[in-house]
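Structure, as structure tokens:
Residue indices begin at 1 and follow the sequence shown.
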Amino acid sequence: EHPLTVVIKLKTEGGDELRMIFSYLTVPQIVDFKIKIVARNSTFTGEVLEASSLLNNLQLDALLPAKQTHNFESWIMEKMGKTKDDTNTYAWVQKVAGISIDPPGKEIEMSSNQRDVLIRSVVKATLERFEHRVSLQEQLNTMIHSKSFKQENIPKEIVNIYPQKIKSKLKSFEPFTWEQFCQNSEHSDLVTKGVIHSNDFLYKCVITRGIATLTGLIAVKASYPDDTPIFILTLAWKDRWNSSNNEWIRDLEREINVEIEEQHKNKSVLIHQVYKLSALLDVMLECISAMDPEPLFTKEHNFEVPVDGRQRKLPLVYDPVNCMFTTRS
């Protein structure tokens, strides 16, 4: 390693710092890249803020022609005996440093303007990813310590579009391993189709109201929040309902996974989904219970009818202006 090292320090508005460290390796004549995180809060530890996961699927190599990137990765395997997953020598790093990746190791000519544009693109993408991950870790901390999952700890813009009183409570929120996820045959189709991957961040949340328990398995993509988290839900109450055997659960999953307005697809989307899920569990239990001779869950929220139409749809859409739950049209 050459004694010269270049460090670029990026800071979020909250004061968290990300250091991009570039070092020149003299023998293969390429640049090695590492990052170091200096968080303002010592509790900000977890896989979402690990250096390796921070760079995962950042797709900075997309700034380069695919053929050049592929040739460079093949050369790395041959020269250093490592795959892309085992090394910190990224194709885009070489481009930033002015080193050719096709053929590798040679100096390339690039105007100062071209290099400036490239570096700005890299810095912007990296800082944005870092800010999103810091926010994600804040949300995880709030939910993992479920007693902190209160309205005062949730962004007001989220709280204000749902009922002020929500009976369902977040009981627990914890990491979930890939091995645990794969043990359940109900999820095999999602794995086979590539919807959920082993490099996703996996969590399990439990929301309760009385004797009813809603369990959610959550997959958070490396590209969060560009790709919103995926919730797989199971309700244990009258029976064990999930998307494979119950239409209401399929509707509930759709409301959480799909029906998210564009202005809410921001860095706080995960805690938003969990909070929304708590509100919708409330009205779901009340509506189903209202059809029983002796309702177990008393009506706390406003809705005209418990189910609507031939398909017996539940009113899972909340209108904050009229304070009313309705069915999705």
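Between Val93 and Ile30, the closest side-chain pair of non-hydrogen atoms is not below 4.5 Å. Residues Leu10 and Val123 have side chains in contact (heavy-atom distance under 4.5 Å, counting atoms from C-beta outward). Contact check for Arg19 versus Ile8: no side-chain heavy atoms found under the 4.5 Å cut-off. Annotation: side chain of Pro315 is in contact with side chain of Cys287 (closest heavy-atom distance under 4.5 Å). Between Ile21 and Thr5 the shortest side-chain heavy-atom distance falls below 4.5 Å. Looking only at side-chain heavy atoms (C-beta outward), Ile211 and Leu296 come within less than 4.5 Å of each other.
Counting only distance, with no hydrogens or angles, the side chain of Asp239 and the backbone of Trp241 share no donor-acceptor pair below 3.5 Å. In terms of modelled atom types and a separation under 3.5 Å, the side chain of Gln180 and the main chain of Thr177 share a donor-acceptor contact. Put simply, the side chain of Asn246 gets close to the backbone of Trp248: a donor and an acceptor are under 3.5 Å apart. Using modelled atom types, no side-chain atom of Asn257 and backbone atom of Ile230 make a donor-acceptor pair closer than 3.5 Å. Not one N or O on the side chain of Tyr275 forms a donor-acceptor pair closer than 3.5 Å with the backbone of Phe149. Of the possible polar contacts, one joining the Arg133 side chain to the Val48 backbone as a donor-acceptor pair under 3.5 Å is found. Formation of a donor-acceptor pair under 3.5 Å by the His145 side chain with backbone atoms of Asn141 is found in this model. A donor-acceptor distance shorter than 3.5 angstrom exists from the side chain of Thr126 to the backbone of Val122, with no hydrogens or angles considered. In this structure, Glu253 contributes its side chain and Leu233 its backbone to a donor-acceptor pair below 3.5 Å. Thr327 places no side-chain N or O within 3.5 Å of a backbone atom of Lys313 that could act as its donor or acceptor partner.
Rounding to the nearest 0.5 angstrom, the gap separating the OG atom in Ser135 from the CG atom in Leu270 is 9.0 Å. In this structure, CG in Leu170 is found 9.0 Å from CD1 in Ile271, a value given to the nearest 0.5 Å. The structure places CG of Leu54 at 11.5 Å from NE2 of His132, a figure rounded to the nearest 0.5 Å. In this structure, CD on Gln311 lies 8.0 Å from CG on Asp251, to the nearest 0.5 angstrom. Rounding to the nearest 0.5 Å places CD of Glu255 at 5.5 Å from CG of Leu316. Residue His197 holds its NE2 atom at 8.0 Å from CH2 of Trp178, rounded to the nearest 0.5 Å.
Only one option out of Lys265, Arg254, Lys276 pairs with Glu259 in a salt bridge (Lys or Arg N to Asp or Glu O under 4.0 Å); it is Arg254. In summary, of the residues considered (Thr215, Ile218, Leu190), a side chain to side chain contact (heavy atoms under 4.5 Å, CB included) with Ile232 occurs for Leu190 alone. Just one of Asp200, Asp227, Asn199 meets the side chain to side chain donor-acceptor pair (under 3.5 Å) condition when paired with Lys221; it is Asp200. For the pairing with Asp282, the salt bridge (Lys or Arg N to Asp or Glu O under 4.0 Å) check across Arg209, Lys167, Lys165, Lys169 returns one residue only, Arg209.
For NZ of Lys267, the number of neighbouring non-hydrogen atoms (other residues, nucleotides, ligands) closer than 6.0 Å is 12 at most. Other residues, nucleotides and ligands place more than 12 heavy atoms under 6.0 Å from the NZ atom of Lys299. Within a 6.0 Å sphere centred on NZ of Lys150, other residues, nucleotides and ligands contribute 12 heavy atoms or fewer. A 6.0 Å sphere centred on CD of Glu152 holds more than 12 heavy atoms belonging to other residues, nucleotides or ligands.
Minimum interatomic distance between Gln263 and Glu261 (heavy atoms only, all atoms of both residues): NE2-OE1, 2.7 Å. Minimum heavy-atom separation, Val274 to Phe173: CG2-CE1, 4.3 Å. In terms of heavy atoms, Ala279 sits closest to Pro163 at CB-CD, 4.4 Å. When all heavy atoms of Gln164 and Val159 are compared, the closest pair comes out as NE2-O, 3.7 Å. Taking each heavy atom of Pro320 and Asn160 in turn, the nearest pair found is CB-O, 4.0 Å.
With respect to the salt-bridge test (charged N to carboxylate O, under 4.0 angstrom), the residues Arg328 and Asp308 do not qualify.
Between the side chains of Asp319 and Asn322, at least one donor N or O lies within less than 3.5 Å of an accepting N or O. Using modelled atom types, one finds no donor on one side chain facing an acceptor on the other under 3.5 Å when comparing Glu138 with Thr142.
By the rule that hydrophobic residues join a cluster once side-chain heavy atoms approach within less than 4.5 Å of another member, Tyr203 and Ile256 end up as members of one cluster. When hydrophobic clusters are built by joining Ile, Leu, Val, Met, Phe, Trp and Tyr residues whose side-chain heavy atoms come closer than 4.5 Å, directly or via intermediates, Phe130 is grouped together with Ile35. Neither Ile196 nor Phe201 shares a network with the other; the hydrophobic side chains, linked directly or stepwise wherever heavy atoms of I, L, V, M, F, W or Y lie under 4.5 Å apart, form separate groups for each. The hydrophobic clustering, which links ILVMFWY residues whose side-chain heavy atoms are closer than 4.5 Å, places Ile161 and Met324 apart. The hydrophobic cluster containing Ile260 also contains Leu252, counting ILVMFWY residues as joined when their side-chain heavy atoms lie under 4.5 angstrom apart, directly or transitively.
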Requested in this report: Please assess Leu140 against Glu174 for the test side chain to side chain contact (heavy atoms under 4.5 Å, CB included), listing each intermediate value before the final yes or no.
Outcome: CA-CA 9 Å; Leu140 292 172; Glu174 59 189 10; over 6 Å; no
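Listed by first then second residue, pairs satisfying ring-ring contact (aromatic ring centres under 6.0 Å, His included) with a partner in residues 291-329 read Trp237-Phe297, His301-Phe325, Tyr318-Phe325, not counting sequence neighbours.
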